[in-house]
**Q** 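A single structure is presented below for examination.
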Amino acid sequence: MKPNSYLRHCGEFELVLRQRGKGIPFVWGHSLMGSMRTEDGAALWDWEQIEEIAKVIRYDARGHGNSDGSYEPEDYRWPHLASDMLAIGRDAVADSDWRRCVLGGISMGAATALEAAAQRPDEVAGMVLVIPPTAWATRPRQATIYRRLSWVSGLLGSAPYRLLDLLPVPVREDGRSRLGLSTARGLALANPRQVRAALRGAALSDMPDPDVLANIDVPTLILAWENDAGHPVSSAEKLANCLPDVRKLVISHPDDLSEWLPAILDFLLQVAAEEKKRQRGRRGAQRRARR
């Protein structure tokens, strides 16, 4: 196991986590069928710069990467993934001087962070939602795709991905292509039965209804890219319209994601400053109450 990596039991599953950096706790979830390794391979931004201002806790979700999983689709629905993220966030807060953490993620990880904030907004200082997935009206079509991919995984297992991993496949130098190829190659090492269950669990999931979103009064940064049916701009825009405290919405072309890292850094610094002010006010109120 790499330095700064450790194991954490979330219910019956043992998850692999990695913690680096100092500052406000920032818990991060990866995309569907991804992992920390596939994200590192895609290199959408420089994590080391984020780790200079935040304590970054990344992890392989249940049934992904090196974490435990099951063969039950229900275990992979977003509310269950959100429970794991919240548990990891509570650990991070307990091991720090902070009272709340920032949650974030890409695709499935973004949906996980949003669901976690819907469950416990009082525990969340901010959200970073990157390429939010299909939701609401666009979700049924994507769910059908996931069910078909699940069927293919059950039929062929990991053989197609192993073949891909052996071939010198050319890849465009844009973020979407790098993430897609890195994820596909990661599947060469995955358990096909867990892949099948995770895909079916994703097909059963959707983001919270707009009336629920209206009650998630949490500072939010949304980053989206163009021309991706699995992560339509419409999802990002609807979130921006429904969530009460969206600080910024950045829509980029996958060829140029240069705005993303500065936006994340600025947002984390802003949220950290607000949390420090909030904690000072809380301590002051407690002192006054004791007088």
Side-chain angles (χ1 to χ4, degrees), residues 8 10 17 19-29 45 47-59 79 81-106 109-130 132 207-208 210-223 236 239-250 259-291:
R8 205 278 188 195
C10 290
L17 290 79
Q19 178 177 302
R20 295 175 182 169
K22 295 181 179 180
I24 190 168
F26 181 29
V27 181
W28 180 264
W45 54 71
W47 278 107
E48 290 186 358
Q49 291 191 52
I50 299 175
E51 291 158 5
E52 291 176 1
I53 63 169
K55 181 171 72 173
V56 179
I57 303 98
R58 299 168 62 195
Y59 64 100
L81 302 184
S83 295
D84 293 345
M85 181 176 276
L86 285 169
I88 293 166
R90 290 180 191 122
D91 285 353
V93 169
D95 191 34
S96 75
D97 296 327
W98 300 84
R99 290 185 173 273
R100 303 193 299 178
C101 62
V102 178
L103 302 181
I106 182 167
T112 302
L114 186 64
E115 176 64 34
Q119 292 180 19
R120 294 304 302 264
D122 56 307
E123 297 183 17
V124 184
M127 294 188 292
V128 179
L129 308 179
V130 179
M207 286 199 278
D211 60 336
V212 175
L213 298 178
N215 295 317
I216 307 176
D217 193 7
V218 172
T220 303
L221 169 66
I222 304 174
L223 306 177
L239 288 173
N241 289 330
C242 293
L243 291 167
D245 192 7
V246 174
R247 304 292 174 88
K248 194 171 187 180
L249 167 62
V250 179
E259 292 184 71
W260 283 15
L261 180 59
I264 294 172
L265 295 174
D266 289 346
F267 179 76
L268 290 173
L269 289 171
Q270 184 181 85
V271 170
E274 292 173 4
E275 278 297 291
K276 286 182 179 179
K277 183 177 179 180
R278 180 178 181 271
Q279 290 182 193
R280 286 195 297 267
R282 183 187 180 98
R283 288 194 293 267
Q286 291 173 340
R287 285 195 296 268
R288 288 190 295 272
R290 289 194 295 266
R291 291 174 184 171

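Here, residue 1 is the first one in the sequence, and each next residue gets the next number. Predicted model only: the values in this text are computed from it and were never measured.
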**Q** Looking only at heavy atoms, what is the nearest atom pair of Cys10 and Asp84, with distance?
**A** CB-OD1, 3.3 Å
**Q** Rounded to the nearest 0.5 Å, what separation is found between the CD1 atom of Ile50 and the CH2 atom of Trp28?
**A**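 Going from the CD1 atom of Ile50 to the CH2 atom of Trp28 covers 7.5 Å.
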**Q** So Leu265 and Ile53, side chain to side chain contact (heavy atoms under 4.5 Å, CB included) or not? Walk me through it.
**A** CA-CA 8 Å; Leu265 295 174; Ile53 63 169; 3.7 Å; yes
**Q** Picking from Leu223, Leu221, Ile222, what satisfies side chain to side chain contact (heavy atoms under 4.5 Å, CB included) with Val130?
**A** Leu223
**Q** At what distance, to the nearest 0.5 angstrom, does CD1 of Ile88 lie from OG of Ser83?
**A** 11.0 Å
**Q** When you compare the side chain of Leu239 with that of Val246, does any pair of heavy atoms fall below 4.5 Å?
**A**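 Counting from C-beta outward, Val246 and Leu239 never come under 4.5 Å.
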**Q** Between Gln279 (side chain only) and Arg99 (backbone N and O only), is there a donor and an acceptor less than 3.5 Å apart?
**A** yes
**Q** Taking atom CD of Gln19 and atom CG of Asp91, what is their separation to the nearest 0.5 Å?
**A**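 Going from the CD atom of Gln19 to the CG atom of Asp91 covers 9.5 Å.
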**Q** Quick one: does Glu123's side chain have a donor or acceptor within less than 3.5 Å of a partner on Ala116's backbone?
**A** no
**Q** Checking Leu114 against Leu243 for the side chain to side chain contact (heavy atoms under 4.5 Å, CB included) test, could you report, in this order, the C-alpha distance in whole Å, the side-chain angles of both residues, the deciding distance, and whether it holds?
**A** CA-CA 10 Å; Leu114 186 64; Leu243 291 167; 4.1 Å; yes
**Q** Does Asp122 CG have over 12 foreign heavy atoms under 6.0 Å away?
**A** yes
**Q** Decide yes or no on salt bridge (Lys or Arg N to Asp or Glu O under 4.0 Å) for Glu274 and Arg247, but give the supporting numbers first.
**A** CA-CA 13 Å; Glu274 292 173 4; Arg247 304 292 174 88; 2.9 Å; yes
**Q** Kindly indicate, with the supporting measurements, whether the criterion side chain to side chain contact (heavy atoms under 4.5 Å, CB included) is fulfilled by Val102 and Leu268.
**A** CA-CA 8 Å; Val102 178; Leu268 290 173; 4.0 Å; yes
**Q** Heavy atoms only: give me the nearest Met85-Gly29 pair and the separation to one decimal.
**A** CE-N, 3.8 Å
**Q** If you round to the nearest 0.5 Å, how far is OG of Ser96 from NZ of Lys22?
**A**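 Spacing of NZ (Lys22) from OG (Ser96) equals 13.5 Å.
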**Q** I need the Phe26 CZ to Trp47 CH2 distance, nearest 0.5 Å.
**A** 5.0 Å
**Q** Less than 4.0 Å between a side-chain N and a carboxylate O, is that true for Lys248 and Glu259?
**A** no
**Q** Output the distance between atom CD1 (Ile216) and atom CE (Met127), rounded to the nearest 0.5 Å.
**A** 5.5 Å
**Q** Test side chain to side chain contact (heavy atoms under 4.5 Å, CB included) on Ile57 and Leu17 and set out the steps.
**A** CA-CA 7 Å; Ile57 303 98; Leu17 290 79; 3.9 Å; yes
